[in-house]
Amino acid sequence: MSNIPYKTYLEESEMPKQWYNVRADMKNKPAPLLNPGTHKPMTAEELSVVFCDELVQQELNDTDAYIDIPEEIREFYKMYRPSPLVRAYCLEKALGTPAKIYYKFEGNNTSGSHKLNSAIAQAYYAKKQGLKGVTTETGAGQWGTALSMACAYFGLDCKVFMVKVSYEQKPFRREVMRTYGASVTPSPSETTNVGRKILAEHPGTTGSLGCAISEAVEVAVGSEGYRYVLGSVLNQVLLHQSVIGLECKAAFEKIGVKPDMIIGCAGGGSNLGGLIAPFMGEKLRGEADYRIIAVEPASCPSLTRGKYAYDFCDTGMVCPLAKMYTLGSGFIPSPNHAGGLRYHGMSSTLSQLYDDGLMEARSVEQTSVFEAAQFFARTEGILPAPESSHAIRAAMDEAIKCKETGEEKTILFGLTGTGYFDMVAYQKYNDGEMTDYIPTDEDLAKGFAGLPEI
Ligand SMILES: *Cc1c(COP(=O)(O)O)cnc(C)c1O
């Protein structure tokens with residue numbers, strides 16, 4: 001066995017003091033958000049009706065490569081960061097691969113995922129602006145939980161619209177959020193105009209992220225002292241998540257290792273964008289090269305089968321338009337989909353990087369994702385979130401390829417969270433009842449038909 005430790009931790013004093021903004025090094029900048037009425041780029045003034053002022057500045061900042069992490073946020077980070085960079089010795093051995101596999105584990109906080117990295121930043125800026133509270137949506141519940149924790153820390157009110165199917169399937173998630181003081185409303189609900197409209201058009205709908213976003217935005221805009229916050233997709237969220245990649249890079253430097261390949265799951269793109277940020281920066285500046293792979297569900301394949309176009313970010317079409325790889329805002333994954341990562345679009349930063357050929361994307365089917373999750377749990381001991389398991393699947397596949405070719409590649413993947421609230425999905429897999437569904441071209445055509453003409 002080599003002298004690389006199982007876990008590489010940074011000292012608290014070695015934690016990043018600045019976030020890294022990859023847009024500063026991109027030649028082709030991500031396309032701007034557009035006003036859905038005028039189709040002109042959203043101004044800071046327009047965005048500040050919906051979002052906190054400082055976050056608007058971060059959203060629009062394509063030039064500053066480094067942005068200071070406020071001391072208050074660093075103090076909070078210290079409760080659960082730096083997160084470990086783990087050498088997956090047991091997984092390597094079980095696979096019999098010459099590849100060296102590392103993962104960055106972001107599930108070591110109560111919310112169980114990386115989402116807390118941005119939640120605490122967004123809550124901090126809301127507090128600093130003197131707001132009373134924030135509204136948001138949550139799907140599987142990790143973002144809502146993270147935001148509830150962050151709002152409790154800063155004494156902010158937190159209103160969460162939770163996709164109805166998750167609200168019903170994950171009562172414990174809901175109770176965690178309520179324990180931290182958030183109010184949780186199943187979406188679509190009768191409490192908003194857009195919710196009532198969606199319910200009238202689609203009675204019995206189990207909801208979607210796009211729909212919950214519309215409700216949360218409506219409440220934020222209509223309530224004095226409130227703003228809306230979002231846990232993925234936006235530039236600002238990728239910025240906050242760069243703490244993951246920066247810590248990885250520092251930890252690798254400590255042990256004198258350089259990854260060949262960086263793999264992450266992609267829902268809206270925040271963990272992947274954060275994990276790859278400093279490595280992509282080196283690639284953009286021509287200082288180093290890495291293979292970067294985004295992994296998405298075959299049932300919600302926005303990068304691998306989507307269109308690169310301006311689209312609505314939400315079902316109610318109240319949010320700005322974003323240019324991204326998208327399946328159309330009306331796309332809803334098939335009901336048997338259990339693995340998360342169900343947003344119809346993708347971060348516009350990652351979309352641009354992908355379109356420029358700077359990263360790859362692949363899709364994987366959910367039974368093979370859960371097979372990888374189970375293998376990982378049995379070898380490395382951590383019960384992974386289904387979302388994270390997309391990255392595990394791809395990392396294992398690459399390691400198995402190395403076994404065939406004899407190459408000793410160094411693979412890094414993002415282990416974004418734990419799967420304790422996903423046991424209904426695990427149960428389906430364990431009972432042999434999980435199925436795969438890959439949308440047909442006709443299924444996808446329906447979503448594309450709803451793309452706005454810009
Ligand atoms: C939300 C979530 C994701 C996907 O979101 P991204 O913005 O694409 O990172 C992945 N893993 C876990 C555990 C999550 O909670």
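Quick note: numbers below take in every heavy atom, side chains included, and nothing from hydrogens, waters or symmetry partners. Bear in mind the structure is a predicted one, so any value in this text is a computation, not a measurement. In each ligand, atom 1 is the first atom listed, and ligand 1 is the first ligand listed.
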message: Is the positively charged end of Arg87 above the ring of Tyr6, judged by distance under 6.0 angstrom from the centroid and angle within 45° of the axis?
response: no

- prompt: Can you tell which part of Ser113 has a heavy atom less than 4.0 Å from ligand 1: side chain, backbone, both or neither?
  reply: side chain

- prompt: Are Asp260 and Lys409 ion-paired here, with the side-chain N under 4.0 Å from a carboxylate O?
  reply: no

query: Side chain, backbone, both or neither: which part of Leu341 comes within less than 4.0 Å of ligand 1 when only heavy atoms are counted?
result: side chain

query: Could you give the distance from CG (Leu147) to OG1 (Thr135), rounded to the nearest 0.5 Å?
result: 9.0 Å

query: Any idea which protein heavy atom is nearest atom 7 (O) of ligand 1, and the distance to it?
result: Ser232 OG, 2.5 Å

statement: Residue, atom and distance of the protein heavy atom nearest atom 11 (N) of ligand 1 read Thr416 OG1, 2.7 Å

query: Hey, are Lys401 and Asp397 close enough for a salt bridge, meaning a charged N less than 4.0 Å from a carboxylate O?
result: no

query: Could an N or O of ligand 1 be found under 3.5 Å from any N or O of Val233, whether backbone or side chain?
result: no

message: Any carboxylate oxygen within less than 4.0 angstrom of a Lys/Arg side-chain nitrogen, looking at Glu253 and Lys249?
response: yes

Atom 1 (C) of ligand 1: nearest protein contact (heavy atom, Å): Lys115 NZ, 1.4 Å

message: Tell me whether the count of non-hydrogen atoms from other residues, nucleotides or ligands lying under 6.0 Å of NZ in Lys7 goes above 12.
response: no

query: Any chance the rings of Tyr124 and Phe76 have centres within less than 6.0 Å?
result: no

query: Just wondering, do Lys283 and Leu358 contact through their side chains at under 4.5 Å, heavy atoms?
result: yes

query: For ligand 1, which atoms, with element, lie under 4.0 Å from some heavy atom of Gly267?
result: 8 (O)

message: With heavy-atom distances below 4.0 Å as the criterion, list the atoms of ligand 1 near Cys265.
response: 10 (C)

field: Gly417 neighbourhood, listing ligand 1 atoms whose heavy-atom distance to it stays under 4.0 Å
entry: 13 (C)

- prompt: Is it true that His114 lies under 4.0 Å from ligand 1, counting heavy atoms only?
  reply: yes

query: Looking only at protein heavy atoms, which one is nearest to atom 10 (C) of ligand 1, and how far off is it?
result: Glu387 CB, 3.4 Å

task: Answer side chain, backbone, both or neither: which part of Ala266 comes under 4.0 Å from ligand 1, heavy atoms only.
output: backbone

task: Can you figure out which of Ala140, Gly112, Ser270, Ala146 has its heavy atom closest to atom 6 (P) of ligand 1?
output: Ser270

task: May I ask which of Asn271, Leu350, Leu275 has a heavy atom nearer to atom 9 (O) of ligand 1 than the others do?
output: Asn271

message: Less than 4.0 angstrom from a charged side-chain N to a carboxylate O is my criterion; do Glu72 and Lys127 meet it?
response: no

